[in-house]
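Atoms within a ligand are numbered from 1 in the order they appear, just like the ligands themselves. The first residue of the sequence shown is numbered 1, and numbering continues consecutively from there.
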Amino acid sequence: MAGPMETSTKLMHPQLSRAETIPSSWYFDPAVLTREKQELFWRTWQLVAKMSDLPSPATYFTTELVGEPLLLTRDSQGVLHGFFNVCRHRAGPVAVGCGTRKALQCAYHGWIYGLDGHLISAREMEGVDNFEPLSFGLVPVQIATWGPLIFVNLDGQAPSFDEVFSPIIHEVHSKGFDLSNMVPIERRDYDIACNWKVYVDNYLEGYHIPIVHPGLFQELDYDQYEVITYQKYSKQFAPVRKPGATPADTRRYARYVGSESASPDAEALYYWIFPNLMLNIYPDNISTNVILPTQLERTLTVFEWFAVPEASADEMKDTIDFSEQIQQEDIFICEHVQKGLSSKSYNRGRYSVKRENGVHHFHQLLDNALKK
Ligand code: FES
Ligand SMILES: [Fe+2]
């Protein structure tokens, strides 16, 4: 089989008006998902936890990133650390779940590690040649924080968090938004029967709004809807249609989490950061969407909302309820699209120049990353 990466150079045209969409096999070929894990998910900054998961010194939190077990700790000084949650002995889990500990004992044979990752003790290992406990610490991962959010990068050689996020952080701050004291309000997980890219593609265009989201379409100034692309992220702008909309009306839409979000006067910022993160930023709250492949044709989307402590609970509830409605409409269409992509009748389509520049941008980044 000709690998998708080999064929992609001549197939992916950099000019939107000439380009064809990526081959449909990319949405169900196991080799593509393997490459995506290696070249995208394990090489980019990934949102994996929140500060409240490690609320005080001497705490730990475990999670997974598309199959890689991870361990986050806050040591006795309060300093955050990130590691692979893999014991250096025979790969047991150094920690399970989350909690408070002074040190971590592997659940298999009981080696003990400090919260800074060093190996404190390895029982009954006397007489082992060339075994230096000091050089047998946990393997670290890069870690960074922004407000309530904790990111890791599994690639030690990857560009720093600041290098990747500084244009966004700078813009967010310059518009007067402050994430520093925001706290988590709610999390909703959605298990969707499609490849993760189907969901991301859908997020990156407003073209489907009139058809898939007729209720939302009523409220948006569709003609003004715009996606602006940058090197490794894009930004969406979608103002509210009704000139007479009251602040209460506009607020609901301004707070909607997702690509179709509306803002009365650019008060909100909507970012997609390659490959799988959406950040929706408002004066008193933010929401995050993380899109993760759990299987080839199965995706977990994690939606989380954070707000300043004084934010209105009723308004946040309206925001989350509205998001739920839009999300169900998107799930319906994405699951059908996955079936269509798998059909022997379909391989590649075309992009609307007016409406699908964001999707084309994503596909180019994908193509570049996978063919390296
Ligand atoms: S695998 Fe951890 S102590 Fe053996
Ligand atoms: Fe949608």
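Rounding to 10 degrees, one finds that atom 2 (Fe) of ligand 1 sits at the corner of an angle of 110° between C87 SG and C106 SG.
Side chain of H109 to backbone of R123: no donor-acceptor contact under 3.5 angstrom is found. Within the 3.5 Å criterion, the main-chain N or O of G137 finds a donor-acceptor partner in the side chain of R88.
Residue Y351 places its OH atom among more than 12 non-hydrogen atoms of other residues, nucleotides or ligands, all under 6.0 Å distant.
Aromatic pair F274/Y233: centroids not less than 6.0 angstrom apart. A distance below 6.0 Å separates the ring centres of Y190 and F303.
If you number the atoms of ligand 1 from 1 as listed, the ones under 4.0 Å from a heavy atom of R90 come out as 1 (S). Heavy-atom contacts of G92 reach the following atoms of ligand 1: 1 (S) (cutoff under 4.0 Å). Near G110, the atoms of ligand 1 lying under 4.0 angstrom from a non-hydrogen atom of the residue are 3 (S).
The atom of D330 that is an N, O or S and sits closest to the Fe ion (ligand 2) is OD1. Checked against atom 4 (Fe) of ligand 1, the N, O or S atom of H89 at the shortest distance is ND1. Closest N/O/S atom of H109 to atom 4 (Fe) of ligand 1: ND1.
Note on E329: not counted as a metal contact of the Fe ion (ligand 2), no N/O/S atom lying under 2.8 Å.
Counting heavy atoms closer than 4.0 Å to ligand 1, residue W111 contributes atoms from both its backbone and its side chain.
No side-chain donor from either of Q236 and W272 sits under 3.5 Å from a side-chain acceptor of the other.
Under the 4.0 Å criterion applied to side-chain N and carboxylate O atoms, R350 and E356 are not assigned as salt-bridge partners.
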